[in-house]
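Okay, structure first, notes after.
Order of the sequence lines fixes the chain letters, A, B, ..., with proteins taken first and strands second; residue numbering starts at 1 for each chain. Keep in mind the model is a prediction, meaning the values are calculated, not measured.
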Amino acid sequence: MKGREVLVNLFEACNSGKSVAQLHSLTLKAGLAHDSFFATKLNALYAKYESLGHARKVFDETPNRTVYLWNATLRSYCRENQWEETLYLFHNMISDSRANDEKPDNFTIPIALKACTRLRALAYGKIVHGFVKKHEKVALDMFVGSALIELYSKCGQMGDALKVFNEFSQPDVFLWTSMVTGYEQNGNPEEALEFFSRMVMVGRVDPDRVTLVSAVSACAQLLNFSLGSCVHGVAIRNGFNSDLSLVNSLLNLYAKTGSVKTAASLFGKMPEKDVISWSSMIACYTHNGAILEALNLFNEMIDRGIEPNSVTVVNALQACAVAGNLEEGKKIHELATRKCFELDITVATALIDMYMKCLAPQEAFELFKRMPKKDVVSWAALLSGYAQNGMAYKSMGVFRNMLSDETQPDAVAMVKLLTACSELGILQQALCLHAYVIKRAFKNNIFVGASLIELYSKCGSIDFANRLFEGIKDKDVVIWSAMIAGYGVHGQGAEALKVFDKMVKHSAVKPNDVTFLSVLSACSHSGLVEEGIKIFNMMVREYQLKPGPEHYGIIVDILGRTGELDKAMEIVECMPNPSAPHVWGALLGACRIHNDTKLGEVAAKSLFLLDPNHAGYYILLSNIYAMDNKWEHVADLRTLIREKGLKKMSGQSVVEARGDIHSFVAGDRRHQDSDQIFGLLGTLEVKMREEGYVPDVDFQQHDMHGGCFTDLKCIKA
DNA sequence: GTAAGTGTTC
């Protein structure tokens with residue numbers, strides 16, 4: 001055997017960092033270090049076993065570099081996610097720095113394009129594309145093609161991606177998949193599924209696991225259960241039904257489409273589960289109102305020793321937030337701190353949201369202050385959190401601080417701000433914000449538009465709301481729903497039904513679950529029982545929408561208010577997911593109105609399990625006992641509330657007078673003009689009694705208002 | 001020698 005062949009065989013057998021160094025010195029001794037073949041081998045082995053630095057040294061010391069050596073080096077940088085360096089090297093390669101070096105080929109281009117994609121360097125990517133077009137040596141093969149499509153779709157340029165795709169008469173599975181994934185990730189699920197079906201029907205190409213994952217995600221985006229099930233069927237037929245990523249995306253599909261049972265059975269049958277599977281299942285339970293199941297699953301996961309990641313923690317925190325379960329929330333906070341997840345801005349924001357929803361605004365604020373970096377989402381969570389805690393006047397200040405912190409609001413933050421303002425009900429503020437919306441060009445965002453309609457409605461200006469509504473040309477389902485809700489909160493149920501009718505009969509817009517929520521709550525507020533039941537049936541039968549916990553809550557409320565407690569209980573019992581607090585809460589409220597102690601106890605028992613720290617439920621039950629003269633039970637409950645340290649949020653009222661805003665809570669005497677105000681109140685009461693008004697004082701003495709006043713604030717509008 | 005699945009404010 002000749003020396004060169006011996007060396008080649010030794011290279012083949014090399015499997016560690018140490019032997020690379022030995023081979024290197026052998027190569028030098030043999031005088032073959034400048035042989036491009038060995039340089040390339042050394043380069044790749046150093047990158048694999050030693051370091052990029054060693055590999056680079058070989059590269060730098062080799063004269064007359066072949067394209068193979070270039071490609072090996074580029075690929076090493078690529079593998080280490082060193083995208084800038086990859087591109088820089090590539091740039092050297094094409095800009096003719098060494099006349100003896102070879103030029104890029106079909107293997108080089110996809111590497112360069114991948115670096116451009118990762119860096120979102122669209123402009124440079126176009127230069128690479130130009131290079132491909134100009135140099136006949138580089139053909140537009142499947143690899144180059146799908147790398148180009150990937151680049152364009154990650155940069156949101158699906159038009160350019162399509163142009164590349166159309167240059168192929170027989171696209172392979174990668175090209176098809178790049179298109180499906182591209183459309184799916186650019187928020188165009190319809191187009192993604194169009195390509196998916198063309199791929200199978202016209203292209204006669206079998207989808208692979210990645211195609212199927214993207215197709216399932218597209219169905220999830222569309223909330224299309226039946227289409228998703230079809231893709232599931234295709235996956236089973238193609239033998240991918242136990243692919244972990246695919247099943248995880250299916251879990252997400254069934255979660256988003258409210259198919260908890262399907263998701264749970266899929267989850268149960270999975271041969272292997274990873275942290276994403278567990279997180280997805282927890283999120284599935286949370287988003288479908290099955291809070292206990294969500295928290296149980298999280299705890300089961302911990303017990304089994306499966307390490308949660310930051311996403312799992314966020315999902316579990318959401319469950320606590322929905323349930324108002326501060327105790328669990330704090331436990332998860334501790335876990336998050338132990339694992340240093342608090343540094344993750346998303347986790348920190350989820351924690352703020354949890355504390356706010358658990359009525360612990362102080363804790364939320366402490367955490368917010370500690371955050372090294374804030375983004376628009378964390379600011380928005382704080383801002384809306386104050387509004388949720390009856391401190392909407394603070395939201396305005398938070399907004400100002402956010403602007404001084406050089407964080408610009410996005411549409412969602414704007415929606416939060418408008419919603420917070422609508423809690424205050426100050427028309428003047430509303431007009432200012434409306435002007436701001438126009439100035440900052442949020443006017444055409446449907447969610448902002450809908451919030452403005454809501455804002456005007458809540459400020460008592462239903463006319464302004466209606467004018468805004470009529471002025472919107474392409475009314476989206478969100479806009480219609482907001483107007484219906486606007487009439488609803490005004491107690492104008494008939495008007496709300498009229499708008500709904502107009503929407504259904506004279507517009508092309510189909511009502512969705514939110515629309516039905518608005519209509520149902522309008523019916524509930526105006527005592528339109530029969531209409532409410534009709535609408536509920538319409539939602540299920542005609543529009544085939546699955547009612548969520550909120551819908552069930554309102555229908556139980558509607559039935560409960562009129563004393564149809566049996567029917568209400570029937571609904572609770574046949575609900576697909578019986579553990580939603582809304583629903584039991586509505587039933588408990590109804591039991592209070594109609595003095596049904598027995599059923600009230602059943603509802604309260606469920607609520608104490610679901611949401612053990614919600615003061616309102618204890619107070620409602622205590623009121624029920626009081627009406628039934630069960631004073632021992634009342635006393636027991638009061639002790640329990642004190643022991644648990646629960647506080648009921650006090651209702652807060654705000655009035656606007658001559659540009660000043662005054663807020664106060666029940667029994668508040670801290671206003672400078674208190675004496676005058678209470679004097680007038682007294683006069684009014686006398687007048688009301690003269691007119692025949694009898695105040696409802698049944699629960700007054702048992703209410704828990706005392707001792708939790710919020711500060712009296714006066715802020716300039 | 002290519003790609004993909006779970007997350008924060010509604």
Side-chain angles (χ1 to χ4, degrees), chain A residues 71 74-75 78-79 106-111 113-114 117 141-151 153-154 172-182 184-185 208-217 220 240 243-253 255-256 273-284 286-287 308-318 321 341 344-354 356-357 371 374-385 387-388 402 409-420 447-448 450-451 454 478 514:
Chain A
N71 287 348
L74 285 166
R75 194 164 294 130
C78 209
R79 224 175 257 134
N106 277 34
F107 285 78
T108 325
I109 298 298
I111 304 173
L113 285 171
K114 187 175 178 183
T117 305
D141 67 7
M142 305 283 189
F143 289 100
V144 174
S146 60
L148 277 168
I149 292 176
E150 168 87 351
L151 166 78
S153 64
K154 283 274 164 25
D172 71 349
V173 63
F174 272 89
L175 287 164
W176 280 109
T177 304
S178 307
M179 292 306 287
V180 176
T181 308
E184 189 266 315
Q185 294 186 341
D208 68 7
R209 28 191 282 178
V210 182
T211 333
L212 289 164
V213 166
S214 294
V216 171
S217 300
F240 292 118
D243 182 86
L244 189 55
S245 300
L246 185 71
V247 181
N248 284 342
S249 72
L250 283 165
L251 280 179
N252 179 44
L253 165 81
K256 295 256 160 70
K273 301 178 181 94
D274 66 0
V275 62
I276 297 182
S277 328
W278 286 88
S279 309
S280 303
M281 197 59 221
I282 293 167
C284 172
T286 307
H287 292 142
N309 65 16
S310 58
V311 180
T312 328
V313 166
V314 168
N315 289 326
L317 284 171
Q318 270 185 309
F341 289 157
D344 183 322
I345 194 160
T346 307
V347 173
T349 306
L351 278 164
I352 291 175
D353 183 52
M354 181 276 291
M356 284 299 193
K357 296 221 166 94
M371 282 173 79
K374 290 125 179 151
D375 65 3
V376 62
V377 182
S378 24
W379 280 103
L382 186 74
L383 186 152
S384 76
Q388 287 158 16
M402 176 181 131
D410 61 359
V412 182
M414 216 51 231
V415 167
K416 300 278 184 186
L417 181 68
L418 294 168
T419 308
F447 293 101
V448 174
S451 305
E454 184 199 343
V478 183
V514 181

Counting the atoms with a prime plus P, OP1 and OP2 as sugar-phosphate, which does [X] contact under 4.0 Å by heavy atoms, base, sugar-phosphate, or nothing?
{"X": "A:Val347", "result": "base"}
{"X": "A:Arg209", "result": "base"}
{"X": "A:Thr181", "result": "sugar-phosphate"}
{"X": "A:Leu244", "result": "base"}
{"X": "A:Lys357", "result": "sugar-phosphate"}
{"X": "A:Thr312", "result": "nothing"}
{"X": "A:Ser279", "result": "base"}
{"X": "A:Lys374", "result": "nothing"}
{"X": "A:Gln185", "result": "sugar-phosphate"}

Is there a side-chain contact between [X] and [Y] in this structure, where contact means two heavy atoms from C-beta onward sitting under 4.5 Å apart?
{"X": "A:Ile352", "Y": "A:Met371", "answer": "yes"}
{"X": "A:Ile149", "Y": "A:Leu175", "answer": "yes"}
{"X": "A:Glu150", "Y": "A:Thr181", "answer": "no"}
{"X": "A:Val478", "Y": "A:Phe447", "answer": "yes"}
{"X": "A:His287", "Y": "A:Lys256", "answer": "no"}
{"X": "A:Leu418", "Y": "A:Glu454", "answer": "no"}

Return the nearest nucleotide to the side chain of [X]; candidates are [options].
{"X": "A:Asn309", "options": "B:dT6, B:dT9, B:dC10", "result": "B:dT6"}
{"X": "A:Asp353", "options": "B:dT6, B:dA4, B:dT9", "result": "B:dT9"}
{"X": "A:Phe174", "options": "B:dT2, B:dC10, B:dT8", "result": "B:dT2"}
{"X": "A:Glu150", "options": "B:dC10, B:dT8, B:dA4", "result": "B:dA4"}

Any side-chain N or O of [X] less than 4.0 Å from the OP1 or OP2 oxygen of [N]?
{"X": "A:Asn252", "N": "B:dT6", "answer": "yes"}
{"X": "A:Lys416", "N": "B:dT9", "answer": "no"}
{"X": "A:Lys114", "N": "B:dA3", "answer": "yes"}
{"X": "A:Gln318", "N": "B:dC10", "answer": "no"}
{"X": "A:Lys273", "N": "B:dT6", "answer": "no"}

Taking atom [atom2] of [N] as reference, at what distance in whole Å does atom [atom1] of [X] sit?
{"X": "A:Leu251", "N": "B:dG7", "atom1": "CG", "atom2": "C1'", "result": "15 Å"}
{"X": "A:Ile111", "N": "B:dA3", "atom1": "CD1", "atom2": "P", "result": "12 Å"}
{"X": "A:Leu253", "N": "B:dT6", "atom1": "CG", "atom2": "P", "result": "11 Å"}
{"X": "A:His287", "N": "B:dG7", "atom1": "NE2", "atom2": "P", "result": "7 Å"}
{"X": "A:Asp243", "N": "B:dA3", "atom1": "CG", "atom2": "C1'", "result": "13 Å"}
{"X": "A:Met179", "N": "B:dA4", "atom1": "CE", "atom2": "C1'", "result": "17 Å"}
{"X": "A:Glu184", "N": "B:dT6", "atom1": "CD", "atom2": "C1'", "result": "13 Å"}
{"X": "A:Ile276", "N": "B:dA4", "atom1": "CD1", "atom2": "P", "result": "13 Å"}

Original post:
Between the base of B:dT2 and the side chain of A:Ser146, is there any donor-acceptor pair under 3.5 Å?
Top reply: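 Indeed there is one.
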Subject >> Distance-only donor-acceptor test, A:Asp344 side-chain atoms vs B:dG7 base atoms, 3.5 Å >> reply: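 Per atom types, the contact qualifies.
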Original post:
Under the 3.5 angstrom rule, does the side chain of A:Asn315 hit a backbone N or O of A:Val311 as a donor-acceptor pair?
Top reply: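 Between the backbone of A:Val311 and the side chain of A:Asn315 there is a qualifying donor-acceptor contact (under 3.5 Å).
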